[in-house]
A.B. asks: 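The following block contains the structure, expressed as structure tokens.
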Amino acid sequence: MTNAPDFSLDDELEATDAWDDDDVESGYADEPDPEDDPTVGAMELAERHQLRRVASLRTELEDITEVEYRQLRLERVVLVGVWTEGSVQDAENSMAELALLAETAGSEVLEALYQRRQKPDPATYIGRGKVEGLAEIVAATGADTVICDGELAPSQLRNLEDKVKVKVVDRTALILDIFAQHAKSREGQAQVELAQLSYMKQRLRGWGGNLSRQAGGRVAGGAGIGGRGPGETKIETDRRRINTKIAKLRADLKQMKVTREAKRSGRARNEVPSVAIAGYTNAGKSSLLNRLTSAGVLVEDSLFATLDPTTRRTTTADGRVYTMSDTVGFVRHLPHQLVEAFRSTLEEVAAADLILHVVDGSHPDPEGQLSAVREVLAEVDAAKIPELVVINKADAADPLVISRLQAREPHSVVVSARTGEGIAEALAVIESELPRPAVEIEVLLPYSRGDLVNRLHQEGEIDSIEHTADGSLVRGRANESLAGELASYAVQPSAVEGGARG
């Protein structure tokens, strides 16, 4: 017998009638609602947030004599770095960026330590004393992963794992993991898989000797009698399978590259100018593209939120058509495997007429961002393309930092993709930087050829247009192909003057 009041479903439902929907606040109040903003980016962001791992949410059973004992939590990591050059501030900025990368990959950062050395230790990346201290920190914090701020050799990974007794990954593996989570297109997924396999091939290792054993007896591959002896070891078999998969991925990417080049050649054939947005990851490239073209691509305050390039068609104030492309973000020490795998994507930058180099004005080291991006641009043969530096996040940046950047980069504009500050000025500079049609024209177009006037608006520049009794007298500039089509309507200066007098 209990003292609980009687429960009535009708009474409970009646009590909810007075509730006001406006009083209910959602935990995702700051997120764009796909129903209110039905853009592709908003829907992708909502999909990405549908399932999130939550820190400190435990489901351990109190009585461990039960059948199962489980724990749900984020991967707990300790960060390790080696400081070989630069100032202490540079080392701390690098560790802060590594922490952001680790959190983006879905982990909880417990500790971070770095060591001042002339060069990393060839055996364990950090010195012997630091290895012992790292092992104590891992044991005390209960970490299950160590992330090193550099690319480690297989022997360094193996030696560190033997000492600290937990999984050890390097910066390259961490970035590859983030790319694998965020790649959505078929081409992007193939590029990431190719980079991962290229990285993995050199780092195949096992525990004990399980990768050095040879096949023999009744094995799954059918090798029995006649298959024993100095045959293929397991590590050789795995490496051969990886090489086969790499060859298939490269063939697939080569086929996708043909499609991309066909689209690019179509734009080149029509002489449509192209603008590529490049810059450090999380500098605001996608936000800027949305602000300039209303592209509606995914925007999230995280590293490498978008990987797949997006190209949008837009027009200048006088009607000229050009394209604007968002590209994958860059980072310090971007893994060479990624640069090679994403080369077909990065060629969008190399083939552009103008590069918008976006830099985060609120970042602690914007000059370092500029240098890191330019290193990658030089690697893909895009260093000689005209560049306009766009200093973004002006609403959050220190005015002194912006002044310093403007002094260092005279050819720059200051904008805020979030508030729209400076966007009109940036568009005006972009339009003035676009390549101009090469051929000057002066044509008298019949009124029945309005299509040619429209093409002049889209593909050329019109200095003046005068409507006469015989047609539209147009002066301006056009590309060679369009000028060839207009050649039959060209007028002599004397005829124009006579027509004007008449």
Side-chain angles (χ1 to χ4, degrees), residues 271-293 309 311-312 314-318 320-332 334 346-438 461 477:
E271 300 188 41
V272 178
S274 62
V275 178
I277 303 176
Y280 212 78
T281 180
N282 206 31
K285 299 183 299 300
S286 298
S287 299
L288 184 64
L289 179 69
N290 286 345
R291 178 67 71 171
L292 294 174
T293 67
T311 301
R312 290 292 183 267
T314 185
T315 58
T316 62
D318 59 357
R320 288 184 61 203
V321 175
Y322 67 100
T323 62
M324 190 169 290
S325 301
D326 183 18
T327 59
V328 63
F330 302 146
V331 73
R332 288 183 184 87
L334 189 67
L346 295 175
E347 285 175 358
E348 290 285 348
V349 182
D353 297 300
L354 174 66
I355 295 177
L356 298 187
H357 186 165
V358 184
V359 60
D360 183 356
S362 64
H363 191 270
D365 184 22
E367 290 88 355
Q369 288 192 350
L370 288 167
S371 300
V373 172
R374 283 169 177 160
E375 286 180 7
V376 182
L377 292 178
E379 195 169 345
V380 296
D381 301 325
K384 296 182 180 179
I385 296 176
E387 176 189 63
L388 173 64
V389 175
V390 180
I391 305 171
N392 193 22
K393 304 186 182 180
D395 55 317
D398 186 343
L400 294 178
V401 174
I402 291 181
S403 300
R404 189 182 73 213
L405 287 173
Q406 286 181 301
R408 171 182 168 141
E409 304 289 342
H411 192 50
S412 61
V413 292
V414 180
V415 304
S416 172
R418 181 174 178 271
T419 64
E421 175 188 348
I423 294 297
E425 293 81 355
L427 275 173
V429 176
I430 292 170
E431 293 176 7
S432 67
E433 294 283 328
L434 291 176
R436 300 184 62 191
E461 290 183 2
R477 305 172 68 89

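The residues of the chain are indexed from 1 along the displayed sequence. Keep in mind that the numbers below use all heavy atoms, side chains included, and drop hydrogens, waters and symmetry copies.
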A.B. asks: To the nearest 0.5 Å, tell me how far Glu431 CD sits from Thr314 OG1.
C.D. replies: 8.0 Å
A.B. asks: Closest approach of Ala394 and Val414, non-hydrogen atoms and distance?
C.D. replies: CB-CG1, 3.6 Å
A.B. asks: Could you check if a side-chain atom of Lys285 sits within less than 4.5 angstrom of a side-chain atom of Val358, using non-hydrogen atoms only?
C.D. replies: yes
A.B. asks: Identify the two heavy atoms, one from Ala351 and one from Ser274, that lie closest to each other, and give their separation to 0.1 Å.
C.D. replies: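 Where Ala351 meets Ser274 most closely, the heavy atoms are O-OG, 3.7 Å.
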A.B. asks: Among Gln369, His363, His357, Arg332, find the one that has a side chain to side chain donor-acceptor pair (under 3.5 Å) with Tyr280.
C.D. replies: Arg332
A.B. asks: So do Asp360 and Asn282 actually touch side chain to side chain, heavy atoms under 4.5 Å?
C.D. replies: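 With C-beta onward as the side chain, the pair stays apart.
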A.B. asks: Between atom CD of Glu433 and atom CD of Glu387, what is the distance when rounded to the nearest 0.5 Å?
C.D. replies: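 One gets 11.0 Å once the value is rounded to the nearest 0.5 Å.
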A.B. asks: Kindly say whether Gly368 contributes a backbone atom to a donor-acceptor pair with the side chain of Ser371 at under 3.5 angstrom?
C.D. replies: no
A.B. asks: Nearest 0.5 Å, please: how far is CG in Leu354 from OH in Tyr322?
C.D. replies: 9.5 Å
A.B. asks: Val415 and Ala426: which non-hydrogen atoms are nearest, and at how many Å?
C.D. replies: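 Smallest heavy-atom distance, with atoms named: CG1-CB, 3.8 Å.
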A.B. asks: Can you give me the closest heavy-atom contact between Ala378 and Ala383, atom names plus distance?
C.D. replies: CA-CB, 4.0 Å
A.B. asks: Quick check: do Ile423 and Leu288 have side-chain heavy atoms less than 4.5 Å from each other?
C.D. replies: yes
A.B. asks: How far apart are the closest heavy atoms of Val359 and Pro366, and which atoms are they?
C.D. replies: CG2-O, 3.7 Å
A.B. asks: Extract all donor-acceptor atom pairs below 3.5 Å that involve side chains of residues 395-403 and protein atoms in other chains or at least two apart in sequence.
C.D. replies:
unit_1: Asp395; atom_1: OD1; unit_2: Ser416; atom_2: OG; d: 2.9
unit_1: Asp398; atom_1: OD1; unit_2: Leu400; atom_2: N; d: 3.0
unit_1: Ser403; atom_1: OG; unit_2: Pro399; atom_2: O; d: 3.0

A.B. asks: Can you list the residues that meet the salt bridge (charged side-chain N to carboxylate O under 4.0 Å, His left out) rule with Glu409, with sequence neighbours excluded?
C.D. replies: Arg374
A.B. asks: Tell me every residue that passes salt bridge (charged side-chain N to carboxylate O under 4.0 Å, His left out) with Glu367, counting only those two or more places apart in sequence or in another chain.
C.D. replies: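 In terms of salt bridge (charged side-chain N to carboxylate O under 4.0 Å, His left out), with neighbours along the sequence ignored, Glu367 is linked to Arg404.
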A.B. asks: Less than 4.5 Å apart, any side-chain heavy atom of His411 and any of Leu388?
C.D. replies: yes
A.B. asks: So, taking the atom named CG in Asp326 and the one named CG in Leu356, what distance separates them when rounded to the nearest 0.5 Å?
C.D. replies: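 Rounded to the nearest 0.5 Å, the CG-CG separation comes to 10.5 Å.
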A.B. asks: Can you name the closest pair of heavy atoms from Pro273 and Leu434 and give their distance?
C.D. replies: CB-CD2, 4.1 Å
A.B. asks: To the nearest 0.5 Å, how far apart are CG in Leu377 and NZ in Lys384?
C.D. replies: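 One finds 14.0 Å between CG of Leu377 and NZ of Lys384.
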A.B. asks: When you look at Val275 and Leu292, which way does the side chain to side chain contact (heavy atoms under 4.5 Å, CB included) test go after all the steps?
C.D. replies: CA-CA 12 Å; Val275 178; Leu292 294 174; over 6 Å; no
